[in-house]
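Working notes for the structure below.
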Amino acid sequence: MTKKFYITTAIDYVNAEPHIGHAYQKIVADTLARWHRLLDEDVFFVTGTDEHGKKVQRAAENTGKSPKEFVDDVSKKFKDAWTALNINPDRFIRTTDEDHKKVVQEFIKKCDKTGDIYKGEYKGLYCTDCEAYFTEKDAPNFQCPTHKRPLENLKEETYFFKLSKYQKFLLDLYKKNPKFILPKERRNEVINRIKEGLKDLSITRTSFKWGIPFPLDNKHITYVWFEALINYYTATREKGKEKFWPADVHILGKDNTWFHCVYWPAMLKSAGIKLPKTIFNHGFLTFNGEKISKSLGNAISPKTLAEKYSADTIRYFALRQFPFASGEDGDFSEKALIDRHNNELANKLGNLISRVSTLTEKYGLEKTTIKKLKIFPTKRKVEKHLENFEIDKALNEIFAFIDKCNEFVQKQKPWETKDKKVLYELANAIKDFTILLSPFIPGTCEKIAKTFNFKIDIKELNNPIKVSKIKKSDILFKKI
RNA sequence: AGCGGGAUGGAGCAGUCUGGAGUGCUCGCGAGGCCCAUAACCUCGAGGUCGGUGGUUCAAAUCCACCUCCCGCUACCA
């Protein structure tokens, strides 16, 4: 039986357009999905968009579109951005999808059966922008501290989810499963906050219509967060996909930590559904040293970037530059990107392919046993790093191997000796590292495979490359 | 103020959790090699009391305490 691997990203809220921060997360998830697929696992990779709520309803009204037209437009922009970056989810889920609505309603009924949902009243100062209530202490002068607008005094009939009931369950869960919340800095934060006490969660709204009707009372709309989280489960209710639940890893940004690490497991427990194995909370990116924001106008679209550079350059930089596993923030600077593109992709990798393919075209290959350029130590290290989400280190290992190849060419001087065996060893090494590199920069790796006539398949690491006629490769990365 | 991050050869970073010769990466500088290749590639070198002080230890960039200085955040948002 092949191992299954189910990976998800956060689904993006459609009130703003995609930027490089969103892209970073999707690139990482896509790479991990591709890696597990390379290892012959049965992989399911899901990303998508979060489309309900008052903010979206209002954003749509401002543009004169219907909510549905509006979310269709923005959702497509996300989807297109991922295509431009060679990010290929198995499903692009939208919370407006019909199957999602159905699954959410069933989910809520299950929680209700457990006795975890009750009707109550929520009183407070409400900010429509935040879709949240504030206490007078948090909101001096009855103004929203973030939006500086006057708060509405609201008293709403609402349904609650008994989150407080799960306090002990959650703390036990983290204790028993140290990998449930990663990295561990985030875990400690969550634990400390839970220890301050959990309140029940208001999970319905009546002030607007753009959402999933609450199945227990049709005057109510389901609260966006409560509903959106369920998307991960929805995707596995499709026929044939059931086996993928529970998720192996949810990838999300650190601002989503609380919802995913607290609400989500409590909700699943209540509904009697298995819990995901790992929730990975990564850091944020700044862009050219500045925080990414609409008002600063630096929220450059991933698509524009991918057109300016290439999908693989963006992918390589995003994966190599930041210590993903640390959960820390990083800066996406174009200068650093160009640096890595020129030095690592063009000079080291690109030039190696260029020089070896030229030499091979001239002198040909002759089969021999591989003595110097053995891939297995590298493979083991890459495997281990990826298990620990150390994506930057994995890439570093592969490039250390590429350095070894360049040293080998230099030492052996095949242009002088015309030694076909040396060239064979190099071609074989190129096959090997290209296979390992393929989840990171898939487009480039396909080109290399075509030049050297091999298949990108993990089994090919055990098979010496077959001797064939090889033509000089096109330039893979032009210097910037 | 609160919270968070940082201080490592000329620049920018890893390394710190899990202590073991100042190790690594990219750039820059100096010398040499190579002439297959994208003016690319390879080798060697100069340059650092790892912010400071004290402590723990056979051993500290790494652990502990205190101090100094920088920078973010407390706007939407992965």
Side-chain angles (χ1 to χ4, degrees), chain A residues 9-29 47 50 55 59 78 129-130 138 144-148 183-185 189 251-257 260 281-286 289-296 299 302 320-323 325-333 335-363 390 392-393 395-396 399-400 402-418 422-423 426 472-480:
Chain A
T9 71
I11 51 171
D12 300 305
Y13 202 55
V14 291
N15 70 335
E17 300 198 0
H19 57 61
I20 190 67
H22 299 106
Y24 173 53
Q25 178 185 81
K26 272 63 184 177
I27 290 171
V28 168
T47 186
D50 180 7
K55 260 192 274 187
F78 277 91
D129 282 311
C130 303
D138 295 330
C144 168
T146 55
H147 296 93
K148 314 288 181 208
K184 64 175 188 305
E185 289 78 4
E189 282 174 19
I251 305 277
L252 42 117
K254 63 186 183 184
D255 60 332
N256 277 337
T257 297
H260 284 77
N281 305 270
H282 63 75
F284 286 169
L285 298 188
T286 52
E290 284 179 326
K291 189 166 187 184
I292 297 172
S293 83
K294 268 166 103 182
S295 49
L296 281 174
R320 175 65 186 83
Q321 179 77 354
F322 313 109
S326 75
E328 279 174 29
D329 295 356
D331 183 48
F332 193 106
S333 101
K335 188 188 170 298
L337 178 140
I338 291 168
D339 249 27
R340 288 209 187 263
H341 171 94
N342 286 340
N343 292 308
E344 293 163 33
L345 292 176
N347 291 351
K348 288 185 169 181
L349 172 60
N351 184 53
L352 176 72
I353 297 301
S354 180
R355 68 198 304 205
V356 175
S357 65
T358 305
L359 288 164
T360 317
E361 183 182 53
K362 264 189 218 166
Y363 306 121
E390 293 165 330
D392 53 322
K393 290 184 182 169
L395 266 179
N396 203 22
F399 273 75
I402 291 172
D403 283 343
K404 267 173 76 180
C405 294
N406 270 320
E407 285 163 31
F408 185 78
V409 185
Q410 207 59 40
K411 242 184 224 159
Q412 300 295 328
K413 303 185 195 331
W415 58 89
E416 202 177 292
T417 63
K418 300 176 185 173
V422 164
L423 292 174
L426 280 164
K472 182 175 168 37
S473 164
D474 290 337
I475 299 284
L476 294 176
F477 297 96
K478 276 211 182 85
K479 293 227 268 187
I480 299 167

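A note on names: the letters A, B, ... follow the listed sequences, proteins ahead of strands, and every chain is numbered from 1.
In this structure, the side chain to side chain contact (heavy atoms under 4.5 Å, CB included) partners of A:A336, at least two apart in sequence or on a different chain, are A:F317, A:Q321, A:S333. Scanning for side chain to side chain contact (heavy atoms under 4.5 Å, CB included) contacts around A:A23 gives A:I20, A:W82, A:L85, A:P302, with sequence neighbours left out. In this structure, the salt bridge (Lys or Arg N to Asp or Glu O under 4.0 Å) partners of A:R340, at least two apart in sequence or on a different chain, are A:E344. In this structure A:D474 satisfies the side chain to side chain contact (heavy atoms under 4.5 Å, CB included) test with no other residue, sequence neighbours excluded. Shown here are the salt bridge (Lys or Arg N to Asp or Glu O under 4.0 Å) partners of A:D50, two or more places apart in sequence or in another chain: there are none. For A:D403, the salt bridge (Lys or Arg N to Asp or Glu O under 4.0 Å) partners at least two apart in sequence or on another chain are A:K348. Among residues two or more places apart in sequence or in another chain, the ring pair (Phe, Tyr, Trp, His ring centres under 6.0 Å) test is passed with A:H341 by A:F477. With sequence neighbours excluded, the residues forming a side chain to side chain contact (heavy atoms under 4.5 Å, CB included) with A:K413 are A:W415, A:E416, listed by chain and number.
Comparing B:U38, B:C25, B:C36 by their nearest atom to the side chain of A:R320 picks out B:C25. Distance from the side chain of A:A10 is smallest to B:A78 among B:C42, B:A78, B:A37.
Within the structure, salt bridge (charged side-chain N to carboxylate O under 4.0 Å, His left out) pairs that include any residue of residues 350-363 of chain A do not occur (at least two apart or interchain).
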Protein and nucleotides 4-10 of chain B: nitrogen or oxygen contacts under 3.5 angstrom:
none

Write out a two-atom table: protein N or O, nucleotide N or O from nucleotides 32-34 of chain B, distance below 3.5 Å.
{"unit_1": "B:G33", "atom_1": "N2", "unit_2": "A:Q410", "atom_2": "NE2", "d": "2.9"}

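Aromatic stacking is not marked for A:Y24 over B:A78, as the cut-offs of 5.5 Å for the centres and 30° for the planes do not both hold.
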For RNA chain B, the expected dot-bracket line (Watson-Crick or G-U under 3.5 Å, [ ] crossing, | inter-strand) is ((((((((.[[[[[)....(..]]]]].(((((.......))))).....[[[[[..)....]]]]])))))))....
